[in-house]
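Start at 1 and go down the list; that is how both ligands and their atoms are numbered. Scope of the values below: all heavy atoms of this structure, side chains included, with no hydrogens, waters or symmetry mates.
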Amino acid sequence: MPQVFIKTYGCQMNERDSEAVAAQLAARGYTLAPDETSADVVLLNTCSVRDLAEQKALGKMSAIAGVARKQGRHPVLGFLGCMAQSRGEELVQSGARLVVGTQKFHRVGEHLDSLLHGRETHIVDTAEEAGSQAAIREHLPGPGGQRPVTAFVSIMQGCNQHCTFCIVPATRGLERSRTIPDIVAEVRELVDRGVREITLLGQIVTSFGKRDYPVKDGRSAFVQLIEAVHEVEGLQRLRFTSPHPKGYGADLIEAFGRLPKLVEHAHLPVQSGSNRILKEMHRGYTRERFLSLIEQLRQVQPGIAITTDIIVGFPGETEEDFEQTVSLCREVEFDQAYAFKYSQRRDTPAASMPGQLPESVIEERHARLLATINELASRKYAELVGSTVEILVEGPSRRNAARFEGRTRTNRIVIFEGDERHRGELLKIQVERAGAFTLYGIPVLTGIDDEPTPALTALSHS
Ligand code: SAH
Ligand code: F3S
């Protein structure tokens with residue numbers, strides 16, 4: 001059976017798409033290879049959001065092609081996803097035999113069959129396909145045959161927002177949503193297989209189902225979906241990403257206070273703290289509106305963790321605009337923030353705006369912003385030392401395979417001495433130490449028989 005290696009660049013949506021492709025290929029009899037060295041097929045699922053992501057994928061593919069050539073091997077090389085969508089045919093010139101766009105992931109299997117049986121020499125399939133948003137559905141069993149504790153469920157594709165810096169509307173197309181019953185059925189199947197935490201995924205999840213489900217009792221389609229998924233028995237935690245701040249209406253904010261499975265974590269990509277830049281970015285909110293959303297979320301859920309995305313060096317960004325971004329970070333005290341250097345993307349309005357900044361200015365501001373973000377976040381992590389947090393145990397730690405890890409509802413990674421018995425358990429952990437965006441601690445419950453240990457008894461009596 002042909003061996004396939006799939007490597008993913010970019011966001012959780014891309015990870016999810018790759019998983020669905022892998023599950024589809026496994027069902028057709030392909031074997032999934034752990035790396036490219038002996039693979040008959042190498043597929044790179046690409047990202048276009050920043051130029052760096054594209055360069056990484058292109059570099060990797062040419063390195064793989066070079067090594068294979070030296071060894072006299074001729075694997076089928078292919079690009080999937082966002083960069084495949086935007087570059088298309090051009091990738092065939094650089095040696096790819098398969099180029100599959102963002103609405104055609106479900107066709108990878110049949111295309112590979114055609115290539116491997118010699119019916120075609122190369123295939124470029126980047127057309128639109130109605131209904132393709134419902135085709136990202138199949139899941140792989142957990143790593144090493146273990147049951148997966150967390151899973152991602154793709155609820156929609158595309159984005160209509162057209163932020164002036166963003167290539168996503170071009171690579172992913174217009175918003176298209178799955179139906180609520182279809183999504184709930186997928187969640188139910190996953191929970192039956194042992195999954196305890198679901199993350200709903202899409203490029204702009206807060207716009208889910210806008211055209212398909214009218215507002216009902218003041219609740220948007222997205223909140224209707226959250227409520228329907230929340231009903232699934234056995235599900236313990238519900239997350240979503242990526243939302244848009246303008247999608248945090250009164251109904252969604254209220255849901256955070258009302259629905260116990262909805263975790264205390266909200267991601268609100270702010271992009272900039274300057275109203276002038278926000279307007280140029282076509283974000284649809286002001287700094288003041290953003291701050292008021294945070295305040296409302298903290299009112300319904302005082303312990304809520306707030307995370308964000310920020311772009312540094314958007315065209316025309318002055319030192320003063322940048323300072324406003326830094327001051328916004330200090331005002332909000334984000335639990336975590338992802339800071340990106342502005343990258344010019346083809347055919348986006350921002351790419352041809354005046355005032356493009358030199359790389360050196362962007363680098364310098366980026367470093368300053370990172371220092372602020374790290375200072376704020378490490379203070380928050382340090383505050384947790386000595387407290388008891390609840391985690392959902394996911395499996396062996398990605399940083400240290402001898403340990404186990406889980407996450408708090410606020411999405412903080414916690415590492416502890418654990419073993420397979422703990423997988424899927426909700427465990428109380430006494431935090432002993434804080435590292436860079438990681439907590440270390442010891443369980444205060446045995447976790448198997450739920451007998452309180454003396455430590456917890458003392459805690460609950462205090
Ligand atoms: N909602 C989308 C966001 C797109 S990309 C999603 O998660 O799919 C994620 C982040 O990348 C954005 O929030 C933004 O901060 C950053 N980004 C998007 N375009 C960018 C560009 N041209 N340069 C730098 N960063 C960018
Ligand atoms: Fe991109 Fe803005 Fe949509 S960042 S994905 S155009 S909300």
Side-chain angles (χ1 to χ4, degrees), residues 8-17 45-55 81-83 85-86 102 133 136 152 154-177 199-208 210 222 239-248 266-273 277-285 290 306-317 322 325 328-329 334 336-353 356-357 359 361-363 365-366 369-370 373:
T8 311
Y9 295 85
C11 59
Q12 286 158 320
M13 269 71 75
N14 291 8
E15 295 284 353
R16 177 69 197 102
D17 296 337
N45 189 7
T46 57
C47 174
S48 279
V49 164
R50 285 168 295 278
D51 187 52
L52 191 67
E54 294 206 355
Q55 294 314 322
C82 288
M83 184 179 70
Q85 185 71 42
S86 71
T102 52
Q133 70 274 21
I136 305 296
F152 295 96
S154 175
I155 64 167
M156 64 167 329
Q157 290 285 335
C159 183
N160 293 0
Q161 177 65 22
H162 293 286
C163 301
T164 52
F165 53 80
C166 187
I167 198 171
V168 170
T171 59
R172 291 277 178 173
L174 292 174
E175 290 165 12
R176 293 149 288 132
S177 298
T199 305
L200 305 176
L201 286 182
Q203 278 81 36
I204 180 162
V205 286
T206 38
S207 294
F208 168 85
K210 266 193 177 148
F222 182 55
R239 305 180 184 276
F240 55 81
T241 201
S242 223
H244 191 289
K246 70 173 192 177
Y248 282 82
H267 186 64
L268 285 94
V270 69
Q271 314 300 358
S272 170
I277 296 292
L278 286 171
K279 196 155 184 232
E280 293 285 308
M281 286 177 162
H282 192 225
R283 289 293 292 177
Y285 53 84
F290 184 85
I306 308 278
T307 58
T308 198
D309 292 348
I310 296 168
I311 296 179
V312 179
F314 184 83
E317 183 189 80
F322 173 71
T325 298
L328 179 103
C329 290
F334 290 113
Q336 166 73 295
Y338 302 91
F340 303 105
K341 295 176 212 159
Y342 171 71
S343 170
Q344 262 182 353
R345 310 313 294 136
R346 75 184 75 92
D347 301 332
T348 57
S352 52
M353 284 180 184
Q356 305 284 329
L357 295 177
E359 197 55 38
V361 172
I362 297 182
E363 293 271 353
R365 286 182 190 165
H366 184 252
L369 182 62
L370 278 188
I373 292 168

The answer for which part of I311 has a heavy atom under 4.0 Å from ligand 1 is side chain
Taking only non-hydrogen atoms of Q271 and a 4.0 Å limit, the atoms of ligand 1 in range are 12 (C), 13 (O), 14 (C), 15 (O)
For atom 2 (Fe) of ligand 2 the protein N, O or S atom count under 2.8 Å stands at 1
In ligand 1, the atoms that come under 4.0 Å of a heavy atom of Q203 are 1 (N), 2 (C), 6 (C), 8 (O)
L369 and A339 have their tightest heavy-atom pair at CD2-CB, 3.8 Å
Honestly, for Q344 the part within reach of ligand 1 (heavy atoms, under 4.0 Å) is neither
Checking heavy atoms under 4.0 Å, the part of K341 that sits near ligand 1 is backbone
Notebook entry, point to check: Donor-acceptor pair, T171 side chain versus Q85 backbone, under 3.5 Å?
Noted result: no
Strictly distance-based, threshold 3.5 Å: is any side-chain N or O of R345 a donor or acceptor partner for the main-chain N or O of S343?
no
In terms of heavy-atom contacts, P245 and R283 come closest through CD-NH2, 3.5 Å
inquiry  = Run Q157 and Q203 through side-chain contact (heavy atoms from CB on, under 4.5 Å) and show every step you take.
reply    = CA-CA 6 Å; Q157 290 285 335; Q203 278 81 36; 4.0 Å; yes
Item to check | Close aromatic pair by centroid cut-off 6.0 Å: F240 and F222 | outcome: yes
Indicate whether atom 3 (C) of ligand 1 is within a distance of less than 4.0 angstrom of some protein heavy atom. no
If we number the atoms of ligand 1 from 1 as shown, the ones under 4.0 Å from a heavy atom of Y342 are 23 (N), 24 (C)
The complete set of salt bridge (Lys or Arg N to Asp or Glu O under 4.0 Å) pairs with one or both residues in residues 156-173, sequence neighbours excluded, reads D17-R172
For atom 18 (C) of ligand 1, the closest protein heavy atom turns out to be V49 CG1, 3.4 Å
Requested in this report: Please indicate whether any nitrogen or oxygen in R345 is less than 3.5 Å from any nitrogen or oxygen in ligand 1.
Outcome: no
Between Q271 and I310, the two heavy atoms sitting closest are O-CG2, 3.7 Å
Hits for side-chain contact (heavy atoms from CB on, under 4.5 Å) against A53, two or more places apart or cross-chain, chain-then-number order -> C47
Rounded to the nearest 0.5 angstrom, the NZ-CD distance for K210 and E175 is 6.5 Å
Between the NE2 atom in H162 and the OG1 atom in T348, the distance rounded to the nearest 0.5 Å is 12.0 Å
Quick look: S343 vs ligand 1, heavy-atom contacts under 4.0 Å, and the answer is both
Those residues at least two apart in sequence (or on a different chain) that pass side-chain contact (heavy atoms from CB on, under 4.5 Å) with S272 are S274, I277, L278, M281, T325
Item to complete: Determine, using heavy atoms of I204 and all atoms of ligand 1, whether some pair is separated by less than 4.0 Å.
Response: no
One finds that the ligand 1 atoms under 4.0 Å from a non-hydrogen atom of D309 are 9 (C), 10 (C), 12 (C), 13 (O), 15 (O)
In ligand 1, the atoms that come under 4.0 Å of a heavy atom of M13 are 6 (C), 7 (O), 8 (O)
Among Q161, R172, R50, H244, the residue with a heavy atom nearest to atom 16 (C) of ligand 1 is R50
dist E15:CD -> T8:OG1 (nearest 0.5 Å) comes out at 4.5 Å
Check your understanding: Going by distance only, is there an N or O of F165 that falls short of 3.5 Å from an N or O of ligand 1?
Key -> yes
